[in-house]
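Inspection log for the structure reproduced underneath, given as structure tokens.
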Protein chains: 2
Amino acid sequence: MQMNDRKQKVLWAIIHDYVSTAEPVGSRTIARKYNLGVSPATIRNEMSDLEELGLIEQPYTSSGRIPSDYGYRYFVDCLMERKVLAAEELRIMQQTMSDRLQEVDYLMQQASAIISQLTNYTAVVLGPQVGKTTFQQIQLLPIMPTKAVAVIITSAGVVESKILDIPESLTPEDLQQVSAVINESLRGLTMNQVRASLSHELAETLKKQKQVLSQSLEIIDEALHADNDERVYLGGTLNIFKQPEFKDVDKIQTLLGILEQHHTVRELLHHTPERGVNITIGTENKHEGFRNCSMVTATYHLDGEVLGVIGLVGPTRMEYSRSVAVIESLTENLSFALKRILNR
Amino acid sequence: MQMNDRKQKVLWAIIHDYVSTAEPVGSRTIARKYNLGVSPATIRNEMSDLEELGLIEQPYTSSGRIPSDYGYRYFVDCLMERKVLAAEELRIMQQTMSDRLQEVDYLMQQASAIISQLTNYTAVVLGPQVGKTTFQQIQLLPIMPTKAVAVIITSAGVVESKILDIPESLTPEDLQQVSAVINESLRGLTMNQVRASLSHELAETLKKQKQVLSQSLEIIDEALHADNDERVYLGGTLNIFKQPEFKDVDKIQTLLGILEQHHTVRELLHHTPERGVNITIGTENKHEGFRNCSMVTATYHLDGEVLGVIGLVGPTRMEYSRSVAVIESLTENLSFALKRILNR
DNA sequence: CATTAGCACTCGTCGGTCATGAGTGCTAAC
DNA sequence: GTTAGCACTCATGACCGACGAGTGCTAATG
């Protein structure tokens with residue numbers, strides 16, 4: 001059996017209706033709301049065909065139809081019209097991004113806030129990989145006889161700061177010298193390169209200045225790892241409550257649980273390809289707890305290189321066209337804003 | 001009517017049972033589980049009296065009884081035995097607090113994690129008021145021809161860092177000098193004092209070094225305000241789902257909504273008195289959304305001065321004695337850990 | 001006089017029945 | 001190929017009755 005024009009129209013109507021009502025769609029409803037010029041009976045026949053094709057399903061015998069995951073897939077691949085955001089929305093987006101924001105961290109928070117505001121879904125944002133930014137300097141600032149603050153500054157702004165124990169014998173000048181040594185050898189390298197040269201460097205110089213130097217290198221190492229690299233930002237997690245498919249406490253708990261585990265979120269987002277907007281629907285998703293969810297994700301760039309990922313999570317019954325429009329516009333804005341911050 | 005020994009025993013039993021089962025408690029249940037040496041009938045009479053005293057209630061006619069807010073109040077004031085944490089729990093607490101933790105931020109996160117772990121309720125922690133820490137120094141570090149990073153260091157560690165725009169004409173030496181000027185006049189003051197002297201200082205010196213100085217003072221000002229001052233840390237928010245009284249989606253949403261608004265949480269915690277553990281039960285609470293919740297809070301100190309507040313939020317049906325024990329032990333550990341970090 | 005046994009009464013819960021209505025699939029007519 | 005008609009399915013919600021946990025009252029008991 002082949003798809004034809006009318007089948008497509010019917011499928012489109014089912015998805016459109018189901019997205020806004022969250023109720024199974026019947027043939028009569030379609031005949032009434034979307035004037036396709038045919039009677040409910042005809043639509044029933046078409047629906048029967050669509051079901052055979054696996055594009056729609058019945059939750060139970062003789063109920064209306066709902067789109068299957070595969071139906072959504074067909075929709076986003078073939079049927080979905082591109083949507084452009086309202087001028088007002090674009091303006092808000094640009095303004096928020098350009099506002100008084102200088103640090104990457106803040107920028108990312110804003111990004112996730114915008115996504116959740118404009119879509120009413122939950123925003124998921126991966127911050128720039130620290131590895132892609134360049135090392136600028138480390139500063140060791142004495143604050144007490146036996147303590148100093150180490151601050152690492154990369155092209156993304158301050159990345160990590162930490163209090164170090166230092167031997168009392170060390171003078172502020174010694175500290176200066178230590179940081180100078182480190183800065184000398186690392187400045188201008190990307191943090192990935194720093195990472196590569198670190199163990200070498202460490203072994204080399206550890207003999208000379210011992211404790212402080214090794215502690216300093218430790219915090220650089222820390223800055224490069226785990227929590228800091230690709231920080232996860234969430235926005236509008238409570239939007240989940242707005243979706244009728246999650247009116248069940250268990251489902252909400254599961255979902256919030258997953259979102260709270262940042263490493264899981266990171267994994268989920270890593271499937272995003274380098275270019276363009278990616279859509280993952282229902283069971284296409286690796287994670288079991290996301291069976292009823294779809295994700296719309298995209299990468300943002302700097303000078304052609306992938307920096308991070310932004311995306312949103314909602315029910316499979318999602319306004320895909322709008323979501324795509326938001327995510328797409330935002331990647332542009334984001335890449336632009338980051339260029340301003342990170343380059344020069 | 002007066003309370004007597006047996007009434008107290010019955011009330012104690014009702015609360016004890018209801019806390020663990022979350023079901024209304026009947027007279028027979030009490031007679032069986034807690035051998036008071038009397039028949040259910042007698043207990044019914046006592047219960048009738050307790051109800052007249054407002055200490056317990058019936059959810060509906062001829063159901064079992066549940067404690068009223070006032071009943072819990074009586075319980076925590078007069079009946080509750082002091083509980084001591086298990087040695088193992090104390091050990092975990094101390095170790096986590098002393099671990100490799102040097103910065104206040106991290107310490108606070110650990111504190112909230114411990115609370116939620118040990119109690120299964122939601123932890124709420126207010127970080128030290130920045131105002132109470134002392135200003136150590138500000139550093140202006142040039143990173144590009146037109147940009148510098150400003151880092152404020154207080155006795156609590158790094159508080160705020162921010163990228164400033166600077167005129168290209170300014171040399172690194174100029175920056176040095178500006179920070180020297182600021183450090184000179186502010187070092188050793190508490191941040192509250194800094195706040196007081198800031199507007200004065202600002203007017204005074206703004207003429208001389210203009211832009212950079214004013215920007216620097218701005219970030220100090222920022223560090224003193226809103227988000228940074230008394231940061232709110234939450235832990236185990238998802239524990240809410242474990243309580244049967246919140247199996248309703250609406251209630252969870254309300255509660256999570258409130259917890260997400262940090263300023264509301266801050267207000268709620270500010271009622272904590274300077275000394276000792278404070279318990280707020282159900283409607284005693286100001287906030288409407290907390291009608292079904294109780295809070296156990298306490299302040300932690302440094303050198304006899306209040307620094308911040310820790311606490312937990314759970315259903316009114318709460319294991320008060322355990323909660324109190326956890327909060328109490330933790331304030332001690334926290335005060336101790338902070339002493340190590342902030343003093344000398 | 002306090003305690004207890006007995007008993008009638010209340011009320012939430014659970015399972016079953018039934019009417020309703022939305023929606024389908026099939027068939028026959030157009 | 002399209003449509004009208006009709007029998008059929010099934011979720012939903014209202015209603016009913018049995019059940020049982022629990023109470024309050026009363027009268028008997030020590």
Side-chain angles (χ1 to χ4, degrees), chain A residues 1-11 13-15 17-18 20-68 71 244-245 247-248, chain B residues 1-11 13-15 17-18 20-68 71 244-245 247-248:
Chain A
M1 194 186 328
Q2 281 290 333
M3 283 300 275
N4 59 30
D5 194 51
R6 196 170 61 192
K7 279 191 181 41
Q8 289 194 337
K9 281 208 181 91
V10 172
L11 177 59
I14 292 174
I15 291 182
D17 211 74
Y18 185 64
S20 51
T21 65
E23 292 294 326
V25 189
S27 53
R28 227 178 59 119
T29 314
I30 293 183
R32 241 185 307 128
K33 285 207 214 169
Y34 307 82
N35 27 14
L36 305 184
V38 293
S39 77
T42 310
I43 292 174
R44 275 205 288 284
N45 290 331
E46 297 288 21
M47 284 165 99
S48 176
D49 292 352
L50 287 173
E51 183 159 8
E52 202 174 321
L53 288 167
L55 293 163
I56 56 179
E57 315 172 322
Q58 282 181 298
Y60 49 88
T61 326
S62 80
S63 78
R65 302 305 212 290
I66 63 174
S68 68
E245 32 268 276
K247 67 178 189 299
D248 179 8
Chain B
M1 196 185 327
Q2 281 290 334
M3 283 299 275
N4 58 29
D5 193 50
R6 195 168 64 191
K7 281 191 181 40
Q8 289 194 336
K9 282 209 181 91
V10 171
L11 177 59
I14 292 174
I15 291 182
D17 210 74
Y18 185 63
S20 52
T21 64
E23 292 292 330
V25 189
S27 54
R28 225 178 59 118
T29 314
I30 292 183
R32 241 185 309 128
K33 284 208 216 168
Y34 308 82
N35 26 13
L36 304 186
V38 293
S39 77
T42 311
I43 293 174
R44 276 205 288 284
N45 290 330
E46 297 289 19
M47 284 165 99
S48 176
D49 291 351
L50 288 172
E51 183 159 8
E52 202 176 320
L53 288 168
L55 293 163
I56 57 179
E57 312 172 325
Q58 282 180 298
Y60 48 86
T61 327
S62 79
S63 77
R65 305 303 212 289
I66 64 175
S68 68
E245 31 269 276
K247 68 178 188 299
D248 179 8

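Sequence lines set the chain letters: A, B, ... in the order given, protein chains first and strands last, and positions in each chain run from 1. What's counted below: heavy atoms across the whole structure, side chains too, no hydrogens, waters or symmetry copies.
Two residues are said to be in side-chain contact when any heavy atoms from C-beta on lie closer than 4.5 Å; B:Glu23 and B:Thr29 fail this criterion. Contact check for A:Ser39 versus A:Thr42: side-chain heavy atoms found under the 4.5 Å cut-off.
Judged as a salt bridge (charged side-chain N to carboxylate O under 4.0 Å, His left out), the pairs with a partner in residues 29-38 of chain B (not counting sequence neighbours) are, in order, B:Asp17-B:Lys33.
The two residues B:Pro67 and B:Tyr18 have their closest heavy-atom pair at CD-CD2, 3.4 Å.
Taking OG of B:Ser68 as the reference point, atom CD1 of B:Ile15 lies at 8.0 Å (rounded to 0.5 Å). For the atom pair A:Gln8 CD and A:Glu46 CD, the distance stands at 11.0 Å (nearest 0.5 Å).
Shown here are the side chain to side chain donor-acceptor pair (under 3.5 Å) partners of A:Asp49, two or more places apart in sequence or in another chain: A:Lys7. Residues forming a side chain to side chain donor-acceptor pair (under 3.5 Å) with A:Asp5 (at least two apart in sequence, or on another chain): A:Lys9.
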Between the protein and nucleotides 4-12 of chain D, which nitrogen or oxygen pairs come in under 3.5 angstrom?
{"residue": "D:dG5", "atom": "O6", "partner": "A:Arg44", "partner atom": "NH2", "Å": "3.3"}
{"residue": "D:dT9", "atom": "O2", "partner": "A:Ser62", "partner atom": "OG", "Å": "2.4"}
{"residue": "D:dC10", "atom": "OP1", "partner": "A:Thr61", "partner atom": "OG1", "Å": "2.7"}

Close N or O pairs between protein and nucleotides 14-19 of chain D (under 3.5 Å):
none

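At D:dT3, one or more side-chain N or O atoms of A:Thr42 fall inside 4.0 Å of OP1 or OP2 (strictly under the cut-off). For C:dA22, neither phosphate oxygen OP1 nor OP2 lies less than 4.0 angstrom from any side-chain nitrogen or oxygen of A:Thr29. Between B:Arg6 and C:dT3 there is a side-chain polar atom (N or O) within less than 4.0 angstrom of OP1 or OP2.
Counting to the nearest Å, the P atom of C:dG12 and the CD atom of B:Glu23 are 14 Å from each other. When rounded to the nearest whole Å, the span between CD of B:Gln58 and P of C:dT10 equals 14 Å. Rounded to an integer number of Å, the gap from CE of A:Met47 to C1' of C:dG23 is 9 Å. For the pair B:Glu46 CD and C:dT4 P, the interatomic distance rounds to 11 Å; values are reported in whole Å. Residue B:Arg28 contributes atom CZ, which lies 12 Å from atom P of D:dG20 at whole-angstrom precision. As a whole-Å value, the separation of B:Lys33 NZ from D:dG22 P is 10 Å. In this entry the distance linking CD of B:Glu57 with C1' of D:dG22 reads 17 Å, nearest Å. Between the C1' atom of D:dA21 and the CD1 atom of B:Ile66 lies a distance of 16 Å, rounded to the nearest Å.
B:Arg65 comes within contact range of the sugar-phosphate backbone alone, with a heavy-atom separation under 4.0 Å but no base atom that close.
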Hey, can you pull the donor-acceptor pairs under 3.5 Å for the side chains in residues 50-58 of chain A, sequence neighbours left out?
{"residue": "A:Glu51", "atom": "OE1", "partner": "A:Arg65", "partner atom": "NE", "Å": "2.7"}
{"residue": "A:Glu51", "atom": "OE1", "partner": "A:Arg65", "partner atom": "NH2", "Å": "2.8"}
{"residue": "A:Gln58", "atom": "NE2", "partner": "A:Ser63", "partner atom": "O", "Å": "3.1"}

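When the nearest nucleotides of DNA chain C are assigned to A:Arg32 and A:Asn45 by heavy-atom distance, the more 5′-ward of the two goes with A:Arg32.
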